[in-house]
Amino acid sequence: MTLAGTWRLRHQRYQLQGEVCEKCGSLIFPPRDVCPECEAPAKTPYTFSGRGEVYSYTTVYHPPAGFEEDAPYTVALVRLEEGPMVTAQLTDVDAEQVEIGMPVEMVTRRISAEGEEGIITYGYKFRPVLRRTRG
Amino acid sequence: MSEVEVLKPDRPVGIVGYGAYVPRYRLPAEEVARVWSGGHGRTPITEKSVPGLDEDTVTIALEAARNALARAGDVDRAQIRAVWVGSESHPYAVKPTSTIVAEAIGATPATQAGDWEFACKAGTEAFQAAVGFVGSGMARYAFAIGADTAQARPGDALDYTAAAGGAAYLLGPADESLAVIEASYSYVTDTPDFWRRAHQHYPSHGGRFTGQPAYFHHITNAARGLMEAMGTRPEDYTYAVFHQPNLKFPRTVARRLGFTPEQIAPGLLVDRIGNTYAASSLIGLTAVLDQARPGDRILLVSFGSGAGSDAISLRVTDAIDERRDRAPRTEDYIARRKPIDYATYARQRRLYVMK
Ligand SMILES: [Zn+2]
């Protein structure tokens, strides 16, 4: 993707910012400015919680160019708790631990870096929900 | 020398939210010893945290900042007028870490953003500046973050301890705070104990010189300077947190200053996560706040090579009890632990030459 293209997507990538349809209330991610449900224009920003669960997944052992350093890694379809489905890498998890229905949460990580000299692209990935103890 | 005066803002300032982050991976010190010393010799800690392949100072600072915001509650992002990140491992030589963090937390565009450098003191240096920025009335809220993915020369003494982690503090008005800043004091000299020249991968250090004239001299003088000026004594503090490059130094300096092992234990994380550099003392403070009670007093003393220390005296407020569990505790991150061997460590730290 071009520098300008990556830059324009920064709110979507850093904050999981999509849109809400003012007409029918649908929550939209990724943002597309038109409601997929009722076809009304939808440009009001909506920030998703980042919580969801794994809907399906696959582990990539032979990555496309630019992602060799990360292999093997798992890509999942994550259903956000607000409804939309997102495709993203899972992180901080071993491939054999992943299962359908696993609760995950959004984190911001390095997505790619153009060699040693280029720009570093940050964006959303999902990890297993951090186990918490309360005192 | 004239009498020491402590630093104190015009308006009372405190910590509105705090947050920590520790990566998932751990390199046991025994692994370093196995590869570099035939398994011989004493190791300075048990294990250190190692960043994943997709982590760096930006991602670490960001998760810590998000945790701080979760604890702070309903903070208007437009009122965050500074996002300052202290680190010695900013991902870019030119291009701020802080603008990326500020954008991701929604604090842009009407904000200061800047990266601070002062070895392991960069985080508390940003903290001191944020106290001043809020205390002067220029900002309602200001972020001070310490985060690092520290690199050491493979096999060097620091290879056992150079770790990754972050801690973020949202400074704001004292009446909204979970801990108020009572006073602070900074002590700095030109002392060449540790450095890294431009374009060098690994730092150099002065070996034994890093101890007495560097770490101990600065921490002791900063802590004594602050306590003498405030009229406080070690027994007035429930907890104390010192910069922790290894287990021995903070224990020794605590004893010399008159603090007990019990006072420093809750904030002494180095044995299990390593030296997180600019986050080291600040992440210790997050673990203390995770268990502190209203009214507790805390002494925090950082150290950065080059060299200097910031000493900060805090008092915990009633707000701690309701905010603490709005974000993961530091122990939750420490408990999330995947040990790796040295070969995997070398891959995750990109030590293999790929082309
Ligand atoms: Zn609609």
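Sequence lines set the chain letters: A, B, ... in the order given, protein chains first and strands last, and positions in each chain run from 1. These figures come from a predicted structure and were not determined experimentally. Excluded from the calculations below are hydrogen atoms, water molecules and symmetry mates; all remaining heavy atoms, backbone and side chain alike, are included.
Contacts of Y352(B) with chain A are absent, with no heavy-atom separation under 4.5 Å from either backbone or side chain. Using a 4.5 Å cut-off between heavy atoms, R66(B) touches chain A through its side chain atoms alone. For a residue to count as touching a neighbouring chain, one of its non-hydrogen atoms must lie under 4.5 Å from one of that chain's; by this rule A327(B) touches chain A with the backbone only. Contact of L130(A) with chain B is made through the side chain alone, with heavy-atom distances under 4.5 Å. Residue I100(B) touches chain A through both its backbone and its side chain, counting heavy-atom pairs closer than 4.5 Å. Contacts between I119(A) and chain B at a heavy-atom distance below 4.5 Å involve backbone atoms as well as side-chain atoms. For V93(A), the part lying near chain B is the backbone, with the side chain staying farther off; criterion is any non-hydrogen pair under 4.5 Å.
Side-chain contact between V34(A) and P41(A) is absent, with no heavy-atom pair separated by less than 4.5 Å.
Looking only at atom types and distance, the side chain of R293(B) has no donor-acceptor partner in the side chain of T238(B) under 3.5 Å away. For T74(A) and T59(A), the side-chain atoms include at least one donor-acceptor pair closer than 3.5 Å. For the 3.5 Å distance criterion, the side chains of Y333(B) and E63(B) qualify, holding a donor opposite an acceptor. In the model, T133(A) has a side-chain atom that pairs as donor or acceptor with a side-chain atom of D332(B) under 3.5 Å. For the residue pair S89(B)/D148(B), the side-chain donor-acceptor check at 3.5 Å is satisfied. For R109(A) and T91(A), the side-chain atoms include at least one donor-acceptor pair closer than 3.5 Å.
For the set K338(B), E331(B), M354(B), the count of heavy-atom pairs under 4.5 angstrom toward chain A peaks at K338(B). Heavy-atom pairs under 4.5 Å with chain B peak, among H11(A), Q17(A), R127(A), at R127(A). Interface summary for chain B: among Q89(A), R131(A), R10(A), the most heavy-atom pairs under 4.5 angstrom belong to R10(A). Annotation: maximal heavy-atom pairing with chain B below 4.5 Å, among D70(A), D94(A), T47(A), occurs at D94(A).
Between W116(B) and W84(B), the angle of the ring planes goes over 60°, which puts this pair in the perpendicular group of the 30/60° scheme.
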